[in-house]
Amino acid sequence: MPAATTTDLLGLPRAALAEALAPVVDRPFRVEQIYQALYARAVPDFAAMTELSKELRARLEERFHIGNLKVSERRLADDGTCKVLFRLGDGATIEAVDIPDRGRHTFCISSQAGCALACTFCVTGYWGAGRDLTAGEIVGQVLALRADRGLPMEGLNLVFMGMGEPLLNLANVRTALDLLTEWISPQRITVSTVGLLPGLEEMARWEKRPNLAISLHAPDDARRSEIMPVNRTTPLADLLAALRRFPLERGRKITFEYILIDGFNDAPADADRLVRTLSGLRAKVNLIPVNPDPVLGDRMVPPDDARIDAFQARLRAKGLIATVRRRRGDDVSAACGQLRAFGRDPRGFRGRKAVPAR
Ligand code: SAH
């Protein structure tokens with residue numbers, strides 16, 4: 001373990017890295033070598049930077065460390081989905097998931113160790129708030145998962161759909177994206193959010209914008225507020241107005257995630273209502289049959305396949321692009337909304353009572 005007194009280099013973008021290294025390294029090409037070693041090669045320590053002299057490596061060792069994340073547990077699902085647990089320096093635990101699909105890999109990564117939003121269908125939210133992850137811990141998940149799965153950085157898709165609300169930790173998410181977009185096109189990166197207005201306004205000003213996914217989950221305010229407390233302070237009209245202003249490059253659309261809960265939001269009239277709610281937006285809908293979990297109570301049940309298909313068909317008939325997210329990795333609790341540090345609460349909190357949908 002690195003001494004607490006040394007500076008962690010992981011998560012520093014180029015300029016910040018050069019500044020931190022200045023007392024030891026002054027030539028820009030050396031800084032670049034270290035930058036590449038940290039991120040493109042994801043070296044475990046300075047000893048692995050054999051392109052540097054022994055003396056320089058020793059001097060780096062004295063002042064700095066590389067806060068790599070270590071996979072502390074791993075669960076492989078039958079479908080190839082792999083969920084890993086990281087134990088962070090302060091004991092907090094987070095999860096990330098590798099989802100392989102026809103030769104491509106999507107990494108689902110966390111932005112916070114927990115979540116304060118308390119959506120009633122989400123296990124992460126059930127366990128309550130945690131702390132923000134640093135940029136190094138966000139980038140570190142990608143590096144560690146890639147190393148663990150033996151994958152190159154190129155060709156990855158990234159989704160910020162793990163634990164936490166990325167827009168509540170936007171500064172660190174942005175720093176992490178600045179780093180990651182050197183290797184992964186922003187078009188291959190999606191940030192998923194409940195849609196917090198200040199965060200959306202900030203993202204709208206970014207130069208390299210990732211794809212945006214909005215966790216919508218209900219077609220109207222009454223039901224969205226029932227399952228997503230955030231909707232009580234940011235009602236749909238405000239959210240949709242902000243999304244209409246959100247700049248989209250040619251051909252891009254905003255993804256709306258809509259979990260289907262049996263008997264709650266899956267009626268044909270709900271599909272029609274959803275179409276009206278999204279009218280005027282460049283939208284596509286991703287339907288997610290809700291993943292049940294014991295802590296959520298027994299009313300979070302997905303509709304049967306016929307009802308899911310009918311809902312999708314109704315959206316399509318009205319001209320909306322709608323896909324159904326196949327459930328992945330649910331045999332190891334790696335599916336959407338099931339990330340909660342391998343069933344343990346890292347802070348000893350017993351969790352609030354699940355509020356079932358009606
Ligand atoms: N806070 C952000 C990022 C987390 S993304 C957001 O809400 O978008 C996690 C995704 O999984 C979200 O779309 C979330 O709504 C969805 N999800 C949560 N619980 C789920 C469950 N039980 N079944 C299916 N999807 C769920």
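Indexing begins at 1, ligand by ligand and atom by atom, following the structure's order.
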*Which one holds for Val290 and ligand 1: side chain close, backbone close, both close, or neither close, with close meaning a heavy atom under 4.0 Å?*
both
*asked:* I need the atoms of ligand 1 closer than 4.0 Å to a non-hydrogen atom of Ile288, numbered in the order shown.
replied: 24 (C), 25 (N)
*Any Lys/Arg nitrogen of Arg59 or Glu62 sitting under 4.0 Å from an Asp/Glu carboxylate oxygen of the other?*
no
*Could Lys284 and Glu257 be called an ion pair, given the rule that one side-chain N must be under 4.0 Å from one carboxylate O?*
no
*asked:* Assess, by modelled atom type and distance only, whether the side chains of Arg188 and Asn157 contain a donor and an acceptor separated by less than 3.5 Å.
replied: yes
_I need the atoms of ligand 1 closer than 4.0 Å to a non-hydrogen atom of Ile259, numbered in the order shown._
24 (C), 25 (N), 26 (C)
*Would Gly162 count as a contact of ligand 1 if the rule is a heavy atom under 4.0 Å away?*
yes
*Going by distance only, is there an N or O of Phe121 that falls short of 3.5 Å from an N or O of ligand 1?*
yes
*Is Glu257 touching ligand 1 with its side chain, its backbone, both, or neither, if touching means heavy atoms under 4.0 Å apart?*
side chain
*Mind checking whether Thr193 contacts ligand 1 via backbone (N, CA, C, O), side chain (CB onward), both or neither, at a 4.0 Å heavy-atom cut-off?*
backbone
_Taking every non-hydrogen atom, the tightest pair across Ile138 and Ala176_ = CG2-CB, 3.6 Å
*Please indicate whether any nitrogen or oxygen in Arg325 is less than 3.5 Å from any nitrogen or oxygen in ligand 1.*
no
*Under a heavy-atom criterion of less than 4.0 Å, does Gly164 contact ligand 1?*
yes
*asked:* Closer than 4.0 angstrom, basic N to acidic O: yes or no for Glu51 and Arg41?
replied: yes
*asked:* Tell me the closest heavy-atom pair linking Pro210 and Leu177, and the distance in Å.
replied: CG-CD1, 4.0 Å
_Test your reading of the structure: does Phe160 have an N or O sitting under 3.5 Å from an N or O of ligand 1?_
no
*Side chain, backbone, both or neither: Met163 near ligand 1, heavy atoms under 4.0 Å*: neither
*When you measure from atom 14 (C) of ligand 1 to each heavy atom in Gln112, Met161, Met300, His217, which option holds the nearest one?*
His217
*Would one find more than 12 heavy atoms of other residues, nucleotides or ligands at under 6.0 Å from atom CD of Glu207?*
no
*Indicate yes or no: does Asp98 engage Lys83 in a salt bridge with an N to O separation below 4.0 Å.*
no
